[in-house]
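Hydrogens, waters and symmetry mates play no part in the numbers below; they use all other heavy atoms, side chains included. No experiment lies behind these values; they were computed from the predicted model shown.
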Amino acid sequence: MGHQWKHNGEEEKEEGVMASDFFWSYTDEPHASRRKLILSKYPQIRHLFGPDPFASLQIAGVVFIQIWTAAFLSNESWLKILIVAYFFGSFLNNNLFLAIHELSHNLAFSTPVYNRWLGIFANLPIGVPMSVTFQKYHLEHHRYQGVDGVDMDIPSRAEAFLVRNAFTKSIWVIMQLFFYALRPLFLKPKPPGLWEFVNLIVQAGLDVGVVYLWGWKALGYLMLSTFVGGGMHPMAGHFISEHYVFNPSQETYSYYGPLNLMTWNVGYHNEHHDFPRIPGNKLHKLKEIAPEYYDGLDSYRSWSQVIYMYIMDGAVGPFSRMKRSLSVKSNGKSE
């Protein structure tokens, strides 16, 4: 039996009109069942599990380059700072954001607390504390993919009803980092703990230090690198490409383009959800070992094209996500 799903606005979608509800699945998410099938056929894949020993060096290099760039630009015009932020700093901060994604799965060290400290360090050029909180919500996204009220990767109904045409979708794309950051606070707030406090204090220390040493323009460069890199930017296409449904029979999509080199291979997203214990630098090996499980799936070669498709396709919007109820997940109905 194939993947069972229902879309209340299916007929409208076929006519190019945006749907008025999410795609609703009545089976469990596809990754756990595919993982079992692949491991039963290729048990050697377990040898790919484990941390990437070079991750900490890569992160340190990017952090120091970005902070040095902020200091270098401290006396430049705001226009030049904006240009450098978009064409250079945004790539570095996206790299660090996706390094934090790797660290949320403990893929730099075998000891979890070391990954957490490294995540706080990788967070520094991003400008706002997010690494600790991101891990909490992201692990739920893996464990409860698409589950209504649990997976905070899915837009809220308020977003979906407000974002209905190319103009509002463009604004949503530009501001999507704010939606990702604020959505959990409104829909599923979690009380902050000690580690959130540590993340906040360390980040505030860095921000204050940057302003004290080099002025507001240096900090502005770091903040702009984060903001523009998460909006109408090629690397930000991964936010949309990963789970927005362009093919109703598929809820996770991979990207096999050149920007994987700068994003810890997060584009191998079906592979990552199937095996979150494999570090990004080895995900291509998984696809090489078990190509028959991935070659037949829809995938992308351009994140920029994904953003364009999302904005211009009248049938696609925030409702273009697969959802399931918690009871479906609990029953483990995997086809």
K80, NZ: over 12 other non-hydrogen atoms inside 6.0 angstrom: no
Enter the distance from E251:CD to R324:CZ here, rounded to the nearest 0.5 Å. 4.0 Å
Should the heavy atoms of other residues, nucleotides or ligands under 6.0 Å from OH of Y308 be counted, would the total exceed 12? no
Report yes if the side chains of V211 and D207 come closer than 4.5 Å at any heavy-atom pair, otherwise no. no
Out of E271, E29, Q145, which one pairs with T252 under the side chain to side chain donor-acceptor pair (under 3.5 Å) rule? Q145
Looking at every non-hydrogen atom in both residues, tell me the closest pair between P125 and L96 and how far apart they are. CG-CD1, 3.6 Å
Salt bridge present between D295 and K287 (N-O < 4.0 angstrom): yes
Side-chain touch Y293/L286, heavy atoms, less than 4.5 angstrom: no
Tell me, please, which residues at least two apart from D148 pass salt bridge (Lys or Arg N to Asp or Glu O under 4.0 Å). K323
Is there a donor-acceptor contact under 3.5 Å from the side chain of Q250 to the main chain of D298? yes
Mind checking salt bridge (Lys or Arg N to Asp or Glu O under 4.0 Å) for K36 and listing every partner two or more places apart, or none if nothing turns up? none
Side chain of N260, backbone of G267: donor and acceptor closer than 3.5 Å? yes
Might you point out which heavy atoms bring Y221 and G89 nearest each other, and give the distance in Å? OH-CA, 3.1 Å
Carefully, step by step, assess H31 and N270 under the rule side-chain contact (heavy atoms from CB on, under 4.5 Å). CA-CA 8 Å; H31 303 289; N270 268 300; 3.4 Å; yes
Taking atom CH2 of W78 as the centre, does the number of heavy atoms from other residues, nucleotides or ligands within less than 6.0 Å exceed 12? yes
Relative to Y310, does K169 satisfy both conditions: NZ or CZ under 6.0 angstrom from the six-membered ring centre, and within 45 degrees of the ring's axis? yes
Step-by-step ring-ring contact (aromatic ring centres under 6.0 Å, His included) determination, F91 to H233: CA-CA 9 Å; F91 289 89; H233 189 279; 4.7 Å; yes
Give the minimum heavy-atom separation between G237 and V306, together with the two atoms involved. O-CG1, 4.2 Å
Would you say E76 and K217 make side-chain contact, with heavy atoms under 4.5 Å? no
Tell me the closest heavy-atom pair linking L107 and G50, and the distance in Å. CD2-O, 4.0 Å
Identify the residue among E102, H272, M235, E242 that makes a side chain to side chain contact (heavy atoms under 4.5 Å, CB included) with V266. E242
So, do R183 and F179 sit near enough that their side-chain heavy atoms are less than 4.5 Å apart? yes
Could you check whether any side-chain heavy atom of R157 comes within less than 4.5 Å of a side-chain heavy atom of D21, counting everything from C-beta outward? yes
Quick test of your reading of the model: are D151 and R143 salt-bridged, counting only N-O distances below 4.0 Å? no
Going by the ring-ring contact (aromatic ring centres under 6.0 Å, His included) test, name the single residue among F97, Y86, F178 that passes it with F227. F178
Flag the pair N94 / M262 as yes when at least one side-chain heavy-atom distance between them is below 4.5 Å, and no otherwise. no
Taking the basic N atoms (NZ, or NE/NH1/NH2) and the acidic carboxylate oxygens, is any pair closer than 4.0 Å for E196 and K136? yes
Check whether R35 reaches the backbone of D274 with its side chain - one donor and one acceptor, N or O, closer than 3.5 Å. yes
Closest non-hydrogen atoms of A218 and A70, given as atom of the first, atom of the second and distance, are CB-O, 3.4 Å
Can L297 and N247 be said to form a side-chain contact (heavy atoms from CB on, under 4.5 Å), step by step? CA-CA 10 Å; L297 298 175; N247 172 1; over 6 Å; no
Mind checking whether N106 and Q135 have side chains closer than 4.5 Å, heavy atoms only? yes
Please say whether the positively charged group of R164, taken as NZ for Lys or CZ for Arg, lies over the ring of F161, i.e. under 6.0 angstrom from the six-membered ring centre and within 45 degrees of the axis. no
Would you say the ring centroid of Y268 lies under 6.0 angstrom from that of Y256? yes
Would H141 and H273 count as a ring-ring contact (aromatic ring centres under 6.0 Å, His included) if you check the C-alpha gap in whole Å, the side-chain angles of each, and the deciding distance to 0.1 Å? CA-CA 10 Å; H141 165 62; H273 271 266; 5.0 Å; yes
side-chain contact (heavy atoms from CB on, under 4.5 Å) for N123 and V132? Distances and angles first, verdict last. CA-CA 9 Å; N123 197 153; V132 174; over 6 Å; no
Which pair of heavy atoms, one from W172 and one from P155, lies closest together, and at what distance? CZ2-CG, 4.4 Å
Starting from the C-alpha separation in whole Å, work towards a yes-or-no answer on ring-ring contact (aromatic ring centres under 6.0 Å, His included) for H269 and Y255. CA-CA 7 Å; H269 215 67; Y255 156 84; over 10 Å; no
Going through the distances and angles, do I67 and L206 end up as a side-chain contact (heavy atoms from CB on, under 4.5 Å)? CA-CA 10 Å; I67 292 176; L206 183 281; 4.1 Å; yes
According to the interplanar angle, ranging from 0 to 90°, do the rings of F49 and F275 count as parallel (below 30°), tilted (30 to 60°) or perpendicular (above 60°)? tilted
Taking the six-membered ring of Y244, is the NZ or CZ of R321 close enough (under 6.0 Å from the centre) and on axis enough (within 45°)? yes
For a 4.5 angstrom cut-off between non-hydrogen side-chain atoms, does F22 reach I154? yes
Check: S325/S327 side-chain N/O donor and acceptor closer than 3.5 Å: yes
